[in-house]
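Remarks on the structure that follows.
Please read all numbers here as calculations on a predicted model, not as lab measurements. Position 1 is the first residue of the sequence; numbering continues from there.
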Amino acid sequence: MADSTRRMNKMSRPKNKHAAAVQITAEQLLLEANERQLEVVAPTPRQTISDPEELAEYQMTKRKSFEDALRKNKMLVGNWVKYAAWEESQEQMERARSVYERALGVDHRNIVLWQKYAEFEMRHRQINHARNIWDKAIAILPRVPQFWLKYSYMEEMMGNVAGARQIFERWMEWRPDESAWLQYIAMEMRYGEVENARNIYERLVQVHYEVKNWIRFAKFELRQGQLARARAVYERAVEFFGTDHMDEALFVQFAKFEEAQKEYDRARVIYKYALDNIPKQHAKELFAAYTQFEKKFGDRAGVESVILNKRRFQYEEEVKTNPYNYDAWFDYVRLSEEQQEADKTRELYERAISHVPPAAEKRLWRRYIYLWINYALFEELETKDFQRTRDVYNACLRLIPHKQFTFAKVWLLFAQFEIRQKNLTAARSILGTALGKCPKEKLFKGYIELELQLREFDRCRTLYEKFLEFNPANGRTWIKFAELETVLGDIPRARAIYNLAIEQPLLDMPELLWKAYIDFETELGEFEYARDLYAKLLDKTSHVKVWISYAKFEASLDSEDAVSMARKVYSQADAEVKKSEDKAERLLLLEAWLAFEMERGDEEHQKKVRTLMPRKVKKRRELFAADGTSEGFEEYYDYIYPDEQSHAPNLKLLEMARMWKMQKESGASANPLALIKGAEGGDADEQQQEQDRDEDGDEAGAAAAAGQDEGEGEGEGEERAGDE
């Protein structure tokens with residue numbers, strides 16, 4: 001028995017003690033129980049009363065239960081309502097009335113009690129009682145609209161329209177919201193009392209003078225066919241609100257009214273008056289309505305004028321919101337220029353340039369300065385006012401803080417303007433002042449270009465000299481200066497300029513300068529000079545691209561020994577690059593050499609270059625964090641050159657393993673001594689084939705066959721070989 005109990009306990013233990021993915025709440029359990037009717041509730045037994053004594057006993061018991069409930073919580077309105085409703089069902093009207101009175105004595109501000117009490121009296125046609133109750137209710141709670149509405153509705157249903165009107169008048173003394181006034185108007189209209197309704201509207205717009213009530217009043221007159229009265233209401237509303245509290249909705253409705261009466265000119269005047277006086281940010285609907293009106297009843301010019309005004313108002317608001325938004329100023333001025341309004345455009349330019357950037361930082365001035373440029377171009381090209389154009393340029397140059405920064409574009413445009421006015425002296429004076437105040441590369445280039453166009457070469461030489469004194473490290477300037485002398489035919493002077501340039505201790509782009517100098521000598525056929533230049537350049541740098549360029553230069557010459565000279569340069573380059581231990585640059589050189597031999601050489605020299613080509617191997621190295629901890633290993637590719645293998649014993653071992661594997665796959669017997677000799681000496685063709693092979697996987701297998709670890713043989717072993 002104990003064993004079976006133990007076995008049952010063991011089987012009943014849950015295997016998974018974690019919480020279920022979907023949790024069941026108590027609310028769900030109760031809902032499910034209710035749906036399945038798990039608890040059977042017995043129905044209330046039906047009681048049959050057969051004589052007055054049983055009825056009296058039942059009523060006494062029921063009243064006692066209601067009274068007990070009220071003693072427990074007399075503030076619960078539901079108990080009072082249920083008690084009174086039960087007494088009503090027993091046709092005990094006095095008792096029900098007594099219950100309601102007692103309830104109101106407890107809580108006389110309860111709206112539900114008053115409504116239930118009055119409805120009880122109305123159900124039993126006790127109209128006077130109901131009137132008394134409603135009178136008490138509206139006297140105690142005059143701000144409850146339900147009491148007034150139901151009271152007036154009761155009187156109206158009884159046919160007492162005068163009484164209902166009197167109730168509404170009493171209600172209006174309390175100045176309720178507009179819905180109460182509209183209910184009063186609706187009652188008067190049900191009985192055709194238009195004049196009374198009109199008078200109520202008059203009182204309404206005095207108490208609640210919102211725009212919507214004025215519009216309701218005007219639409220009421222329109223429904224009655226009183227067009228003159230409706231127009232008068234709109235005019236009174238416009239006069240009432242004045243210019244300080246104008247609302248676009250009023251003018252839109254007023255204009256639509258006139259449009260409906262086919263008074264298009266009056267409607268247009270209303271729209272324009274509103275647009276001129278209402279702030280633009282509050283007139284979006286007005287703009288839309290005016291645009292639609294012009295599209296329907298106006299001409300093309302009117303429609304374009306509306307759209308133009310709308311855009312102008314939008315730009316005006318943008319520049320008022322942020323006067324430093326220069327893009328908005330550009331759009332605004334462009335819009336005015338398209339309309340060919342010179343005075344208005346000039347005024348906009350003056351407003352725009354008056355908003356100077358708040359700080360002397362060039363990034364803040366970049367957009368601003370184009371306002372001045374566009375202003376000057378506008379005065380020159382559109383208005384033809386050249387003196388004003390000159391004044392704009394001078395004012396702009398006085399405003400710019402030249403000690404912090406300047407804008408060469410403004411100086412150059414000013415000089416070009418003077419040239420167009422055939423005032424060359426003023427243009428040179430402007431550019432000379434610019435170079436004296438704030439010398440800049442763009443200013444020098446613009447001034448030199450101007451003198452070149454005028455064929456003033458002596459002035460160009462002087463400017464180039466000043467330019468190079470200002471910035472001697474600018475290689476392009478040296479090149480342009482030398483090219484100028486070359487064009488003028490002064491070769492010794494150009495060569496002297498190049499010589500001065502390459503002697504500069506600091507140059508921004510020396511490679512361009514050296515290339516230009518070498519190309520200059522090559523074009524002149526001075527190949528010895530070019531060789532000397534390559535020699536000087538190689539004394540300064542041994543970059544592989546310089547060697548390749550030198551070799552290509554020798555190969556391009558039309559001479560018998562061009563190939564041999566190029567081959568000699570490649571050989572010297574290989575020896576020099578080998579010293580730098582930059583394997584990637586050496587590979588680049590050897591590839592260029594091999595391409596040269598494939599094009600101009602023979603098989604013997606091609607084979608010789610191929611023997612110098614490296615093998616591509618995969619290696620592994622350990623990575624370290626900044627604190628010296630290991631972060632694992634990474635694989636990378638390295639190049640092993642033939643002249644490095646003789647100094648790397650581990651590479652010899654790998655070579656022996658690879659040869660052994662190859663012989664094993666071919667089925668030949670492996671002699672260790674022969675393998676060692678083959679690894680030390682080796683046949684040239686066999687070594688070439690092994691160099692061309694990609695040995696990522698083979699080396700690992702061969703190293704494993706030779707008894708070494710895979711990771712050490714391919715990663716660490718070859719890495720040490722590379723280091724040696």
Under 3.5 Å, is there a donor-acceptor pair between the side chain of Thr522 and the main chain of Ile518?
yes
With side chain to side chain contact (heavy atoms under 4.5 Å, CB included) as the criterion, how do Leu512 and Arg476 come out once you've worked through the C-alpha distance, each side chain's angles and the decisive distance to 0.1 Å?
CA-CA 8 Å; Leu512 292 180; Arg476 293 183 182 274; 3.8 Å; yes
Which class fits the ring pair Tyr393 and Phe414: parallel under 30°, tilted 30 to 60°, perpendicular over 60°?
parallel
Pairs touching residues 489-501 that satisfy side-chain hydrogen bond (donor to acceptor under 3.5 Å, both in side chains), sequence neighbours left out:
Glu485-Arg493, Arg495-Glu521, Asn499-Tyr517
Cut-off 3.5 Å, side chains only: do Glu337 and Tyr349 have a donor facing an acceptor?
yes
Run the side chain to side chain contact (heavy atoms under 4.5 Å, CB included) test on Tyr464 and Lys480 for me, step by step, so that the C-alpha distance in whole Å, both residues' side-chain angles and the decisive distance to 0.1 Å come before the verdict.
CA-CA 9 Å; Tyr464 270 121; Lys480 292 292 183 181; 3.4 Å; yes
Is the shortest distance from a Lys or Arg side-chain nitrogen in Glu604 or Lys607 to a carboxylate oxygen in the other one below 4.0 Å?
no
Should Phe444 and Pro439 count as side-chain neighbours, where that means a heavy-atom distance under 4.5 Å?
yes
Closest heavy-atom pair and its distance - Ala501, Leu507
O-CD1, 3.6 Å
Between Lys440 and Trp411, is there a side-chain heavy-atom distance shorter than 4.5 Å?
no
Shortest non-hydrogen contact from Ala395 toward Trp372:
CB-CZ3, 3.8 Å
Given side chain to side chain contact (heavy atoms under 4.5 Å, CB included), test Leu623 with Ser630 step by step and report yes or no.
CA-CA 6 Å; Leu623 299 177; Ser630 176; over 6 Å; no
Between the main-chain N or O of Asp458 and the side-chain N or O of Thr462, is there a donor-acceptor pair closer than 3.5 Å?
yes
Yes or no on side chain to side chain contact (heavy atoms under 4.5 Å, CB included) for Leu431 and Leu412, after CA distance, side-chain angles and deciding distance?
CA-CA 7 Å; Leu431 292 175; Leu412 294 175; 3.7 Å; yes
Looking only at heavy atoms, what is the nearest atom pair of Ala415 and Ala427, with distance?
O-CB, 3.5 Å
Tyr370 atom OH: more than 12 heavy-atom contacts under 6.0 Å
no
Could you check whether Lys616 makes a cation-pi contact with Tyr637, meaning its NZ or CZ is under 6.0 Å from the centre of the six-membered ring and within 45° of the ring axis?
yes
Salt bridge present between Asp519 and Lys515 (N-O < 4.0 angstrom):
yes
Main-chain N/O of Phe633 paired to Arg621 side chain as donor or acceptor, under 3.5 Å:
no
Looking just at side-chain N and O atoms, do Tyr534 and Ser549 make a donor-acceptor pair shorter than 3.5 Å?
yes
Any sub-3.5 Å donor-acceptor pair from Trp593's side-chain atoms to Asp574's backbone N or O?
no
Within 6.0 Å of NZ in Lys608, more than 12 heavy atoms from elsewhere:
no
Looking at OH of Tyr550 and CG of Leu533, how far apart are the two atoms once the value is rounded to the nearest 0.5 Å?
10.5 Å
Looking only at heavy atoms, the pair that brings Ala482 and Ala494 closest together is O-CB, 3.6 Å
Can you name the nearest heavy-atom pair linking Ala551 to Ala566, along with the distance?
O-CB, 3.6 Å
Would you confirm whether Ser571, through its side chain, and Arg567, through its main-chain N or O, come within 3.5 Å as a donor-acceptor pair?
no
Do Phe624 and Thr629 come within less than 4.5 Å of each other through their side chains, counting heavy atoms only?
no
Is a side-chain donor or acceptor of Arg367 paired with a backbone partner of Leu364 at a separation under 3.5 angstrom?
no
Using 4.0 Å as the upper bound for N to carboxylate O, is an ion pair formed by Glu635 and Lys618?
yes
Min side-chain heavy-atom separation Glu554-Lys568 under 4.5 Å
no
Decide yes or no on salt bridge (Lys or Arg N to Asp or Glu O under 4.0 Å) for Glu441 and Lys445, but give the supporting numbers first.
CA-CA 6 Å; Glu441 181 179 349; Lys445 289 181 178 179; 3.0 Å; yes
More than 12 foreign heavy atoms under 6.0 Å from OH of Tyr529: is that the case here?
no
Passing candidate, salt bridge (charged side-chain N to carboxylate O under 4.0 Å, His left out) with Arg388, options Glu382, Glu379, Glu380
Glu379
Note, Glu591 side chain near Leu594 side chain (heavy atom, < 4.5 Å)
no
Contact check, side chains of Glu451 and Phe457, non-hydrogen atoms, under 4.5 Å
no
Should we say atom CE of Met509 is surrounded by more than 12 heavy atoms from elsewhere, each under 6.0 Å from it?
yes
d(Lys545 NZ, Lys552 NZ) to nearest 0.5 Å is 10.0 Å
Is there a donor-acceptor pair under 3.5 Å between the side chain of Thr406 and the backbone N or O of His402?
no
Ignoring hydrogens and angles, tell me if any N or O in the side chain of His355 forms a donor-acceptor pair with the backbone of Asn325 under 3.5 Å.
no
Please round to the nearest 0.5 Å and tell me the distance separating atom CZ of Phe417 and atom CD1 of Ile430.
8.5 Å
If you round to the nearest 0.5 Å, how far is CD1 of Ile497 from CG of Leu513?
11.5 Å
Flag if over 12 foreign heavy atoms under 6.0 Å of CD, Glu631:
yes
Which label fits Tyr326 and Tyr324: parallel for a plane angle under 30°, tilted from 30 to 60°, or perpendicular past 60°?
perpendicular
Interatomic distance, CG@Asn374 vs CH2@Trp329, rounded to 0.5 Å, equals 14.0 Å
Report yes if some heavy atom in the side chain of Asn471 is under 4.5 Å from a heavy atom in the side chain of Thr477; otherwise report no.
no
Considering all heavy atoms, the nearest Phe405-Lys362 contact:
CE2-N, 3.8 Å
I'd like to check the side-chain hydrogen bond (donor to acceptor under 3.5 Å, both in side chains) partners of Asp391; sequence neighbours left out, ordered by chain and number.
Gln387
Within the distance-only criterion (no hydrogens, no angle test), does the side chain of Asp331 pair as donor or acceptor with the backbone N or O of Tyr315 below 3.5 angstrom?
no
Roughly how far, to the nearest 0.5 Å, is CZ of Phe407 from CG of Leu413?
12.5 Å
Please check: side-chain N/O of Trp365 versus main-chain N/O of Ala359, any donor-acceptor pairing under 3.5 Å?
yes
Fit a plane to each ring of Phe596 and Tyr570, take the angle between them on a 0 to 90° scale, and name the class: parallel (under 30°), tilted (30 to 60°) or perpendicular (over 60°).
tilted
Answer whether the closest heavy-atom distance between the side chains of Leu488 and Leu484 falls below 4.5 Å.
yes
